[in-house]
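Working notes for the structure below.
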Amino acid sequence: MAADVARLSAQGVVPGLTVVLVGDDPASATYVGAKEKASKAAGMQGGTIRLPATTTQDELLALVERLNADPTVHGILVQMPLPRHIDPDTVIRHIRPEKDVDGFHPENVGKLLIGHTDGFVSCTPAGVIELLLRSGVDTRGAEAVVVGRSNIVGKPMAALLVQGRAGGDATVTVCHSRTRDLAFHTRRADILIAAIGRAEMITGDMIKPGAVVIDVGMNTKPDASKAKGTRLCGDVHFDSAVTVASKITPVPGGVGPMTIAMLLRNTVRAAELAMARTAALAGSR
Ligand code: GUN
């Protein structure tokens, strides 16, 4: 992404990403720190606005409006989860869709579902597709099983896999907490995507031999050897799955870095689209 940022910067527009973090959830602080570091390393401008947990919804909406109006800000990301007194949907709807580099705004979600490519796609599912494409995994006609139905991962993941284009054309099953026989479905998967948020729930015996396994989970489990007493783990029990799968992503180090790369890609695209709008406006004068 650094090459793209340099190219746009040479044309006079430095892509800008502003991340907003409300409160002091330690996991969110870690994710936001990684996003800020990566955007800086790629040469972007912007940074993180850290607000106290006592911030009111109106204060947050006012900040979003200020960022919406700032031409140096091409991408806005409000880190989730928000404190309980703030409604996430209201905040997401306030972000201008053309600055919604998270792909959470209903307009961008709708475009994804219809197959329009001029919107922004949620970063984690976009990163999973990029991983599959670059690893030579053929999704066409494959049985893809997505475990989890969140708006951030499960639903957009299914929408991407079913599109009639590269990285799509799969036969998609979406499983969730009410699925009657989870293992029945996971054992049918040529491509298994675990996005449930339950530590090591998918074990080797639930995986078809030769399947491609993508682990989106970000959980913690007890580990006495760590200073914190815990360590990061995925939704897949790696040690039993790795002997069955043909390809598998680890946690940490698999999908996580891809999410950040896609955030940078979305921000570069937001900057390019903003430049195109400015040029069109100048041309129409
Ligand atoms: N919390 C967990 N994942 C995400 C993400 O992709 N974007 C935002 N804004 N918050 C998150």
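Computed from a predicted structure; not experimentally measured. Start at 1 and go down the list; that is how both ligands and their atoms are numbered.
In terms of hydrophobic clustering, with Ile, Leu, Val, Met, Phe, Trp and Tyr side chains grouped at heavy-atom distances under 4.5 Å, Ile86 and Tyr31 are assigned to different clusters.
Heavy atoms of Val78 found under 4.0 angstrom from ligand 1 belong exclusively to the backbone. At a 4.0 Å heavy-atom cut-off, ligand 1 does not touch Tyr31 at all.
Under the 4.0 Å criterion applied to side-chain N and carboxylate O atoms, Arg265 and Glu130 are assigned as salt-bridge partners.
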Would you mind writing out the side-chain donor-acceptor pairs for residues 151-159 within the sub-3.5 Å range, not counting sequence neighbours?
{"from": "Asn151", "atom 1": "OD1", "to": "Lys155", "atom 2": "NZ", "distance (Å)": "2.9"}

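With hydrogens left out, the protein atom closest to atom 11 (C) of ligand 1 is Gln79 NE2, 3.4 Å, a heavy atom.
Residue Leu77 approaches ligand 1 through these ligand atoms, each under 4.0 Å from one of its heavy atoms: 9 (N). Close approach of ligand 1 to Met80 (heavy-atom distance below 4.0 Å) involves ligand atoms 1 (N), 8 (C), 9 (N), 10 (N), 11 (C).
Among Thr179, Val174, Ile196, the one residue that satisfies the side chain to side chain contact (heavy atoms under 4.5 Å, CB included) test with Arg149 is Val174. For the side chain to side chain contact (heavy atoms under 4.5 Å, CB included) with Val147, the qualifying choice from Thr173, Asp235, Leu182, Ile193 is Leu182, the only one to do so.
Considering backbone and side-chain atoms together, Asp102 places an N or O closer than 3.5 Å to an N or O of ligand 1.
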